[in-house]
Chemist: 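Quick one: structure below, then a few questions.
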Amino acid sequence: MNSLPTPPTSASILVVDDEPDLRTLYELTLLREGYRVETAGSVQDAAQLLLSRRFDVMISDMRLPDGTGMELLLQLREQARPERCIVMTAYGSAENAVDALRAGAFDYLTKPVDLRQFRQVVASAIQGIGAVPTPGVAPSMAVDAANSRPLQGHAALKALVGESPAMQGVKQRIAKVAKGMAPVLVHGESGTGKELVARALHACSQRADGPLVAVNCGAIPENLLEAEFFGARKGSYTGATQDRPGYFQAAQGGTLFLDEIGDLPLAMQAKLLRAIQERKIRSLGSTQEEAVDVRIVSATHRDLAAQVQAGQFRQDLFYRLNVIEIALPALRERRGDLPDLCRALLAKLAHESGLHTPELDETSLAQIAQLELPGNVRELENVLHRAIALGDEGPLRLPPPMESCEATLSNQPSSSTLAPKPPQATKADTPAELPQDLQAWLDEKERNILVQALQDNGFNRTATATRLGISLRQIRYRIERLGIDLPSEGNKHHGDNA
């Protein structure tokens, strides 16, 4: 059964194919779905019909007696026509499909056409007409014409904070390409917000009511990849006590976001390529294939073209995934967005932690502007998180670097032997290269500082907070967040009434 909503009966479709039997088959299939259908057998016949009227969708074979479906597609694009175009290509003609998608086709079908998939793709094209918001449109104006529901697209684009030319370009590109089914590859350094782009693409598409399934390709053990992606049948491997769906099944009718796609091993790349090309998958332990209706959005911080040259990434998969590329700028390339980013991140962090939202004044913005922030927006968020937790009421002030705090604490005499002290930080503790997980590294440093200070103050939280120049509420929050265990006797014997 088609999972997509029943299309409006007023939708009109132009079918272009030079084989009369196939043309009739497509026409009857669409008429049964309630569409109005016109047919043409050549580029010239189709062009005449397009001159006289407008359609909602055009479905065209790529090979026609007097030209190609690509000519019709380019003609529609040059005239800024509203028709969504679906092209049909011969089996194995992957380059034709990719070229058509890059030229603006909504989607493609491989001949011989599976009629169930045919109906799904057409319904998907019809469903999204008029539903793609553009940047700057007021939320109240972004309404699906078919369902009269507020769209999520405006909010998702707004989550990409920044009005710099680079970010405006990213938002405009998202709004432009979201309406199609072409695979999108999001490229950018770690911490630039690649998943936010994927969420915006999904929210701005006609698939917004469907699921968005995000997968970190680098976090799945290699021996589990096939089962995780395609599902597994009961008994297909030790411990498989029941059927379980994979990521493709979970994303049916929606978007599958493959983060860090460059981390996939070559064997899995081949299986993923087949799933994307055939739109069919076979669960582990199953003998039957099942059709999947999923849009693929992938992301990487790696140079995939270089990986292709090095033989570490399949060239055919790269071309399939990189139909449309969205490049995210690094934070150093849009420093003018820092004030807006800081305000948005502070509001988010204060809401999550229950702490106050500090004011951003000229001094705090000047402090932040001096940071290099190689970890981009993610590192900025970590810096602000630490500033909120360790700061006082009033305007935001960045605390001194961790190394300075550790050096100060290491000069203080210890007043308690209730628990063993962690090793003192030395120059050798400084990583030889940038940490792979900045937040974990910062948390460990901060945890050592707090444990040292608690020991020096007999595990009295009030005295420790005073020693570190933070509030009692903040010390409680840090102890809980960092998982620091306090000896119950220490609390009783040292008069901590916190």
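Atoms considered below: every heavy atom in the structure, side chains included; atoms not considered: hydrogens, waters and symmetry mates.
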Chemist: Does any part of the side chain of Phe118, heavy atoms only, come nearer than 4.5 Å to the side chain of Ile59, both counted from C-beta?
Modeler: yes
Chemist: Measuring from Ile276:CD1 to Lys271:NZ, what's the distance to the nearest 0.5 Å?
Modeler: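 Separation between the atoms: 14.5 Å.
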Chemist: Flag the pair Lys179 / Phe106 as yes when at least one side-chain heavy-atom distance between them is below 4.5 Å, and no otherwise.
Modeler: no
Chemist: List the atom of Lys280, the atom of Val292, and the distance in Å for their closest heavy-atom pair.
Modeler: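 Closest approach of Lys280 to Val292: N-CG2, 4.1 Å.
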Chemist: Main chain of Gly180, side chain of Arg295: is a donor-acceptor contact present, judged purely on distance under 3.5 Å?
Modeler: yes
Chemist: Does CD belonging to Glu289 count more than 12 external heavy atoms closer than 6.0 Å?
Modeler: yes
Chemist: For Cys85 and Leu76, which heavy atoms make the closest approach, and how far apart are they?
Modeler: SG-CD1, 3.3 Å
Chemist: Determine whether more than 12 heavy atoms belonging to other residues, nucleotides or ligands lie under 6.0 Å from atom CZ of Arg282.
Modeler: yes
Chemist: What closest approach, in Å, do Phe257 and Ala299 show between heavy atoms, and which atom pair accounts for it?
Modeler: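 It is CE1-CB, 3.5 Å.
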Chemist: Would you say Leu109 and Gln117 make side-chain contact, with heavy atoms under 4.5 Å?
Modeler: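 Leu109 vs Gln117: side chains touch.
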Chemist: Identify whether NZ of Lys or CZ of Arg in Arg279 sits under 6.0 Å from the centre of the six-membered ring of Tyr108 and within 45° of that ring's axis.
Modeler: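 Yes, a cation-pi geometry holds between Arg279 and Tyr108.
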Chemist: Side-chain polar contacts of residues 188-196 - donor-acceptor pairs under 3.5 angstrom, sequence neighbours left out - could you list them?
Modeler:
from   : atom 1 : to     : atom 2 : distance (Å)
Glu189 : OE1    : Arg332 : NH1    : 3.1
Glu189 : OE1    : Asn376 : ND2    : 3.2
Glu189 : OE2    : Arg332 : NH1    : 3.3
Glu189 : OE2    : Arg332 : NH2    : 2.4
Thr192 : OG1    : Glu189 : O      : 2.7
Lys194 : NZ     : Gly188 : O      : 3.1
Lys194 : NZ     : Glu189 : O      : 3.1
Glu195 : OE2    : Arg199 : NE     : 3.3
Glu195 : OE2    : Arg199 : NH2    : 2.8

Chemist: Taking atom OH of Tyr319 as the centre, report whether more than 12 heavy atoms of other residues, nucleotides or ligands fall under 6.0 Å from it.
Modeler: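 Not more than 12 within 6.0 Å, no.
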Chemist: Closer than 4.0 angstrom, basic N to acidic O: yes or no for Glu163 and Arg334?
Modeler: no
Chemist: If the test is side chain to side chain donor-acceptor pair (under 3.5 Å), which one of Gln249, Arg244, Arg233, Glu226 qualifies with Ser283?
Modeler: Gln249
Chemist: Taking distance alone, no hydrogens or angles, what donor-acceptor pairs closer than 3.5 Å link side-chain atoms of residues 67-74 to residues at least two apart or in another chain?
Modeler:
from  : atom 1 : to    : atom 2 : distance (Å)
Thr68 : OG1    : Met70 : N      : 3.4
Thr68 : OG1    : Glu71 : N      : 3.3
Glu71 : OE2    : Thr68 : N      : 3.4

Chemist: Are Arg23 and Tyr26 in a cation-pi contact, defined as NZ or CZ under 6.0 Å from the six-membered ring centre and within 45° of the axis?
Modeler: no
Chemist: Are any of the side-chain heavy atoms of Ile220 and Phe229 separated by less than 4.5 Å?
Modeler: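 A side-chain contact under 4.5 Å exists here.
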Chemist: Working to the nearest 0.5 angstrom, can you tell me the gap between Leu14 CG and Phe55 CZ?
Modeler: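 So the CG of Leu14 and the CZ of Phe55 are separated by 4.5 Å.
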Chemist: Keeping the roles fixed (side chain from Arg81, backbone from Leu50), state whether a donor-acceptor pair exists under 3.5 Å.
Modeler: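 Yes, the answer is positive, given that a donor and an acceptor are paired below the 3.5 Å cut-off.
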Chemist: Any chance you could measure Leu64, atom CG, to Asp17, atom CG, to the nearest 0.5 Å?
Modeler: 7.0 Å
Chemist: Only one of Val177, Leu212, Ile324, Thr255 forms a side-chain contact (heavy atoms from CB on, under 4.5 Å) with Leu201, so which one is it?
Modeler: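 Answer to the side-chain contact (heavy atoms from CB on, under 4.5 Å) test with Leu201 among Val177, Leu212, Ile324, Thr255: Val177.
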Chemist: Going by side-chain contact (heavy atoms from CB on, under 4.5 Å), name the residues that satisfy it together with Ala166, two or more places apart in sequence or in a different chain.
Modeler: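 Per chain and number, Ala166 pairs via side-chain contact (heavy atoms from CB on, under 4.5 Å) with Ser164, Pro329.
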Chemist: State plainly whether the residues Asp293 and Arg207 are in salt-bridge range, i.e. N to O under 4.0 Å.
Modeler: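 Looking at Asp293 and Arg207, the cut-off is met.
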Chemist: Any non-hydrogen side-chain atom of Glu379 less than 4.5 Å from a side-chain atom of Leu371?
Modeler: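 They are not in side-chain contact.
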Chemist: Can Gln206 and Ser124 be counted as having a side-chain donor-acceptor contact under 3.5 angstrom?
Modeler: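 Per modelled atom types, Gln206 and Ser124 side chains form a pair under 3.5 Å.
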Chemist: For Gly210, is there any backbone N or O sitting under 3.5 Å from a side-chain donor or acceptor partner on His202?
Modeler: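 A pair under 3.5 Å: yes.
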Chemist: List for me each residue that meets side-chain contact (heavy atoms from CB on, under 4.5 Å) alongside Arg314, sequence neighbours excluded, and say none if there are none.
Modeler: Leu266, Gln269, Ala270, Leu273, Asp316, Leu317
Chemist: Mind checking whether Leu360 and Pro339 have side chains closer than 4.5 Å, heavy atoms only?
Modeler: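 No. Closest side-chain heavy atoms not under 4.5 Å.
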Chemist: Any chance CD of Glu372 has more than 12 other-residue heavy atoms, nucleotides or ligands included, within less than 6.0 Å?
Modeler: no
Chemist: Suppose we screen for side-chain contact (heavy atoms from CB on, under 4.5 Å). Which residues come up paired with Gln307, at least two apart in sequence or across chains?
Modeler: Arg302, Leu304, Gln312, Phe313
Chemist: Could you measure the distance from the CD1 atom of Ile261 to the CG atom of Leu185? Nearest 0.5 Å is fine.
Modeler: 8.5 Å
Chemist: Any luck finding a side-chain donor-acceptor pair between Asp21 and Thr24 under 3.5 Å?
Modeler: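 There is no such pair (donor and acceptor under 3.5 Å, judged by atom type) between the side chains of Asp21 and Thr24.
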Chemist: List the residues meeting side-chain contact (heavy atoms from CB on, under 4.5 Å) with Lys348, not counting sequence neighbours, and say none if there are none.
Modeler: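 By the side-chain contact (heavy atoms from CB on, under 4.5 Å) rule, Lys348 matches Glu352, Glu381.
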